[in-house]
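Notes to accompany the following structure.
Keep in mind the model is a prediction, meaning the values are calculated, not measured. Numbers restart at 1 for each chain; the letters A, B, ... are given by sequence-line order, proteins then strands.
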Number of protein chains: 2
Amino acid sequence: MSVTNADNQELRLKKKVGKYYVASQPYLEDGFCPIRNLLASALDKWSMLCLFNLGYYKVLRFNELKKNVTGISARMLSVTMKKLEEQEIVVRKVYAEVPPRVEYSLTPFGQELSEKLVDLGNWYLELYTQKED
Amino acid sequence: MSVTNADNQELRLKKKVGKYYVASQPYLEDGFCPIRNLLASALDKWSMLCLFNLGYYKVLRFNELKKNVTGISARMLSVTMKKLEEQEIVVRKVYAEVPPRVEYSLTPFGQELSEKLVDLGNWYLELYTQKED
DNA sequence: CGGTATCCGTTGCGATACTG
DNA sequence: CAGTATCGCAACGGATACCG
């Protein structure tokens, strides 16, 4: 058998990448890359931390999130959640009360995305901790 | 049966996120998040485009990459590849020739990472194109 | 409580010129 | 060919003050 596992991985990768990203070059022109745009939202300094907290606690109010995501400012939390809301990753629910109450949670899409991101993170962390040993 | 698929997804996500990211809060302090750091490298404007090109063509020289990644400057390509090399995502091979020849390729780790990223991208693009219809 | 407005230092990055 | 050096503008993001 002359086809190794490494060869198979290379071929699989080539095929997958070719599907959208190389063979049909529009996605590559001018630095446009849809997945990067999605992930850029999910990744700008604070987003993943917010996503993971919402993934764990399901529903959090503004100041609960602010407390859980250590170091974030009100401004950046506001900006971050707004971006995530626009991408339909997060849902913002406002209650008409005084004082105001706002609850954030993940959309089904946000849940799926978070799960995929945490899978990626856990894969990386396991490699990382293996190296430490 | 009162447990829905959505419930299962929520529980699974909570468990996965809790494993590293919430239950053991060190990863959340001061905005530190290992997966974000990895992805930040893989995502800063040009990295994914470079990774996907290398995933497809396997080996590319500096100016081949520059040509394929439309719009990138020599400076940014240099910076990007240096970062990817530091993270052991990409390997840089220099030939002692005149004029110089330098070849870039993915490490096994870089291949795995690229495959995971492209899987994520394809999942997203399929949702996206469904919406269009 | 849940934000917004403003200021301002830091970083990112493109353009251009230059080099071994 | 494969970069590096320098410059300068633009975007990011922290601190502080303020608001419905």
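- Using a 4.0 Å heavy-atom criterion, one finds that B/Arg101 contacts the sugar-phosphate atoms exclusively.
- Of the candidates D/dG13, C/dT4, C/dG14, C/dT4 carries the atom nearest the A/Lys82 side chain, counting heavy atoms from C-beta on.
- Rounded to an integer number of Å, the gap from B/Arg92 CZ to D/dA2 P is 10 Å.
- Atom pair B/Ile72:CD1 and D/dA2:P shows a separation of 14 Å (rounding to whole Å applied).
- For A/Trp46 and D/dC12, the shortest distance from a side-chain N or O to OP1 or OP2 is not below 4.0 Å.
- When each of D/dA2, C/dC13, D/dT4 is scored by its nearest atom to the side-chain atoms of B/Pro100, the top-ranked nucleotide is D/dA2.
- In this structure, A/Leu77 places its CG atom 14 Å from C1' of D/dG13, rounding to the nearest Å.
- For CD of B/Glu126, the number of neighbouring non-hydrogen atoms (other residues, nucleotides, ligands) closer than 6.0 Å is greater than 12.
- In this structure, NZ of A/Lys66 is placed 11 Å from C1' of C/dG2, rounded to the nearest angstrom.
- Within the structure, a side-chain polar atom (N or O) of B/Ser78 is placed less than 4.0 Å from OP1 or OP2 of D/dT4.
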**Item:** Test side chain to side chain contact (heavy atoms under 4.5 Å, CB included) applied to B/Cys50 and B/Met81, step by step
**Value:** CA-CA 8 Å; B/Cys50 296; B/Met81 296 315 283; 4.2 Å; yes
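- Distance A/Phe62 CZ to C/dG2 P: 8 Å, rounded to the nearest Å.
- Here the two rings, on B/Phe109 and A/Trp123, have centers that are under 6.0 Å apart.
- Atom CD in A/Glu85 sits about 9 Å away from atom P in C/dG3, given to the nearest Å.
- Distance CZ (B/Arg75) to P (D/dG8): 14 Å, rounded to an integer number of Å.
- Counting non-hydrogen atoms under 4.0 angstrom, A/Tyr104 reaches the backbone sugars and phosphates but no base.
- Across all their heavy atoms, A/Leu65 and A/Leu77 have their closest contact at CB-CD2, 4.0 Å.
- The base of C/dG2 is not paired with the side chain of A/Arg61 by any donor and acceptor separated by under 3.5 Å.
- Annotation for B/Thr107 and B/Val91: closest pair CG2-CG2, 4.0 Å, computed over non-hydrogen atoms.
- Counting to the nearest Å, the C1' atom of D/dA2 and the CD atom of B/Glu64 are 12 Å from each other.
- Between A/Pro99 and A/Val79, the residue whose closest nucleotide on DNA chain C is further toward the 5' end is A/Pro99.
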